[in-house]
Amino acid sequence: MSSNELLTGAVAVRDDAAELARLRADLSAQAPNLLIDGHWRPAASGATLDVDDPATGAVIARIAAGDAQDVEHAVAAARRAFRDGPWPRLPASKRAALLFALADAIEREQGRFALLESLDAGHSLASIRAGDLPLGLRSLRDYAGWATKIAGEVPMRSSEQAGMDYFLREPIGVVAIVTPWNAPFLMVLQKLGAALAAGCTVVIKPAELAPLSALRIGELCARVGLPDGVVNVVTGTGLAAGQALAEHPDVNLISFTGSTQVGRSIMAAAARSNLKRVVLELGGKSPVLVLGDADLDRAARAIVAEIVFKSGQYCAAGSRVYVQASLHEALLERLRAGMDGVRIDAGYAAGCEMGPMISQAQRERAQEIVDHSLAEGARALTGGRARPGAGYFYPPTLLTGVESHMRAVREEIFAPVLTVMPFADDASAAQIAALANDSHYGLSAKLWSRDLRNVHELIGRIESGQVIVNGGGGEATLPFGGVKQSGYGRENGHVGLSAFTEIKAVRLGY
Ligand code: NAD
């Protein structure tokens, strides 16, 4: 191996290719099984689903198509493990140790997890290695640390009654974890870490389009010594397996990440069944506000990087850009140059900066929204047409001449599509915030300005679960979640953990 190879990363690329070939062989030999009560078994119906590589459309694995019968078995196993098993009663330090062991086991396999996620969900290896993997591991370890810090309180007594008042914080019970395909590894780990740290047992229903990392996480849970039934994995479609979990009368909490439409149906199912608790991390249409004193080069680079990250299939991606009129042309020029320079390829190909979209259906939906807005007078400065050939590629697309009623501005496209609209140089903070707030979503907002007074004023006026000022992303310890129709509840840290616990108040008389 030459020193030049080491510098350029050519060695890593060669190793990736060999490991990818081994991974493909392992996946094609993998039996389509569910994990229920510590055992791998086919779906009760025997049905299976194909999983494809979004870069080629070729089938890479078969999974079990679990349905209501399998959900019944998995929830029963999780309930037994919660009611009779050791998990909720273990000393918290032992639960923490097992979660740290799980994080170590995943970290030892991180090379393989990166390839698996890239093959399954389509994203570039670089983005998974720099984003999902370290963030997922930090989240799991952060929750492991919280396991020993969950506590009730003993409030001051305010009456003359003899005795003692206190409250306990107990695990909520059986948790259903239902996740999307755009960040399958990270979404499962974030929810699993919180549930297990709190002492809950779980049934994971990963997205049918990208379920493979969840199955491997389930395998590692058993390997590090989590008791049978604590972590169950039921693959299958949303309508068959997901809905059965949402309707199930013995699930205490459903922690869901996905679309607003499905979130709505889950909330209705929870209300219809047993009033189970819900945490809903839903869609977004995040505004980006570029003020007159912004560092334009940095802002343009970050806006492009974020919209091509996961091919625009990132819930918090800034997709509606509003820029002060005097900077409009200069920003468009930079955005177009940045988008045109993005290297598009299979996520696992050397040098890839943006992979394909997840499916033909998602790509067609994006195209339909773009076409609709073009027909209404928007212009594509770059992109705007799906790439022909194999795989579900869609180029970075920059739409200008847009108006606020257009579908490209209103709807979550979940593709690498930006709309850009100018606002008057003398617009007030209230007027700028009104542009940002002109959406029924409120997940994230991005703000580019070096004027602290403006920044603080806008932070106060923006309706959003998160405001990112001058670049950067979320962190495992920072609460994440939306307002308006972007969701219900928060994830991460002790704020996220509290959803996985119930409070029991005790009055202890003598
Ligand atoms: P989706 O809502 O179609 O599916 C999400 C999960 O729900 C999948 O596992 C699916 O099988 C299941 N499901 C589908 N129908 C169901 C039903 N009727 N009952 C129960 N479960 C059902 O979402 P998606 O297309 O997989 O993911 C994209 C969406 O996820 C986007 O809207 C994106 O914004 C959102 N998302 C949000 C966040 C966040 O943290 N707010 C993060 C990532 C993705």
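Order of appearance sets the numbers: ligands from 1, and atoms from 1 within every ligand.
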Below 4.0 angstrom from a heavy atom of N182, which ligand 1 atoms are there? Numbered from 1 as shown, please.
-> 43 (C), 44 (C)
Does at least one non-hydrogen atom of A246 fall below 4.0 angstrom from an atom of ligand 1?
-> no
May I ask whether G236 has any heavy atom positioned less than 4.0 angstrom from an atom of ligand 1?
-> no
List every atom of ligand 1 that sits less than 4.0 Å from any heavy atom of A207, numbering the atoms from 1 in the order shown and giving each element.
-> 8 (C), 9 (O)
Closest protein heavy atom to atom 34 (O) of ligand 1, given as residue, atom name and distance to 0.1 Å | E412 OE2, 2.5 Å
For ligand 1, is any non-hydrogen atom under 4.0 Å from T257's backbone (N, CA, C, O), its side chain (CB onward), both, or neither?
-> both
Just jot down the ligand 1 atoms closer than 4.0 angstrom to any heavy atom of E208, in number order.
-> 10 (C), 11 (O)
Where is the nearest protein heavy atom to atom 36 (N) of ligand 1: which residue, which atom, and how far?
-> C315 CB, 3.6 Å
Under 4.0 Å from a heavy atom of G242: give me the atoms of ligand 1 that qualify, with their elements.
-> 19 (N), 20 (C), 21 (N)
Step through the shown structure and confirm whether more than 12 heavy atoms of other residues, nucleotides or ligands are within 6.0 Å of OH on Y488.
-> no
Keeping the roles fixed (side chain from D70, backbone from A44), state whether a donor-acceptor pair exists under 3.5 Å.
-> yes
Near S265, which atoms of ligand 1 are under 4.0 Å from a heavy atom of that residue?
-> 18 (N)
Are R80 and D37 close enough for a salt bridge, meaning some N to O gap below 4.0 Å?
-> yes
State plainly whether the residues R216 and D26 are in salt-bridge range, i.e. N to O under 4.0 Å.
-> no
For atom 7 (O) of ligand 1, what's the nearest protein heavy atom and its distance?
-> F256 CE1, 3.2 Å
Of the non-hydrogen atoms in K285 and A408, which two are nearest, and what is the gap between them?
-> NZ-O, 2.8 Å
Does the side chain of I459 come within less than 4.5 Å of V469's, by heavy atoms?
-> yes
With no hydrogens and no angle check, is any side-chain donor or acceptor of N437 less than 3.5 Å from a backbone partner on E463?
-> yes
Around atom 13 (N) of ligand 1, find the nearest protein heavy atom and jot down its residue, atom name and distance.
-> G238 CA, 3.3 Å
For the student: nearest non-hydrogen atoms of K276 and L253, plus distance = CB-N, 4.4 Å
For atom 37 (C) of ligand 1, find the nearest protein heavy atom and state the residue, atom name and distance (0.1 Å precision).
-> L282 O, 3.1 Å
Give the contacting part of T179 toward ligand 1: side chain, backbone, both or neither, where contact means a heavy-atom distance below 4.0 Å.
-> backbone
D67 side-chain N/O to A240 backbone N/O, donor-acceptor pair under 3.5 Å = no
Should the proximity of P206 to ligand 1, defined as any heavy atom under 4.0 Å, be assigned to the side chain, the backbone, both, or neither?
-> backbone
Identity and distance of the protein heavy atom lying nearest atom 35 (C) of ligand 1 = G258 O, 3.1 Å
Considering heavy atoms of the protein only, find what lies nearest to atom 24 (P) of ligand 1 and give residue, atom and distance to 0.1 Å.
-> W181 NE1, 3.2 Å
Note, H123 side chain near K310 side chain (heavy atom, < 4.5 Å) | yes
If only atom types and distance count, is the side chain of R277 paired as donor or acceptor with the main-chain N or O of S255 below 3.5 Å?
-> no
Any idea which part of F480 is under 4.0 Å from ligand 1, heavy-atom wise: side chain, backbone, both or neither?
-> side chain
With a 4.5 Å heavy-atom cut-off, do W448 and N470 have their side chains touching?
-> yes
For L443, counting its heavy atoms only, list the atoms of ligand 1 lying under 4.0 Å from any of them.
-> 41 (N)
Mind checking whether W146 and H494 have parallel, tilted or perpendicular rings, split at 30° and 60°?
-> tilted
Protein heavy atom at shortest distance from atom 2 (O) of ligand 1 | S259 OG, 2.6 Å
Hey, does K205 come in under 3.5 Å of ligand 1, counting only N/O atoms on both sides?
-> yes
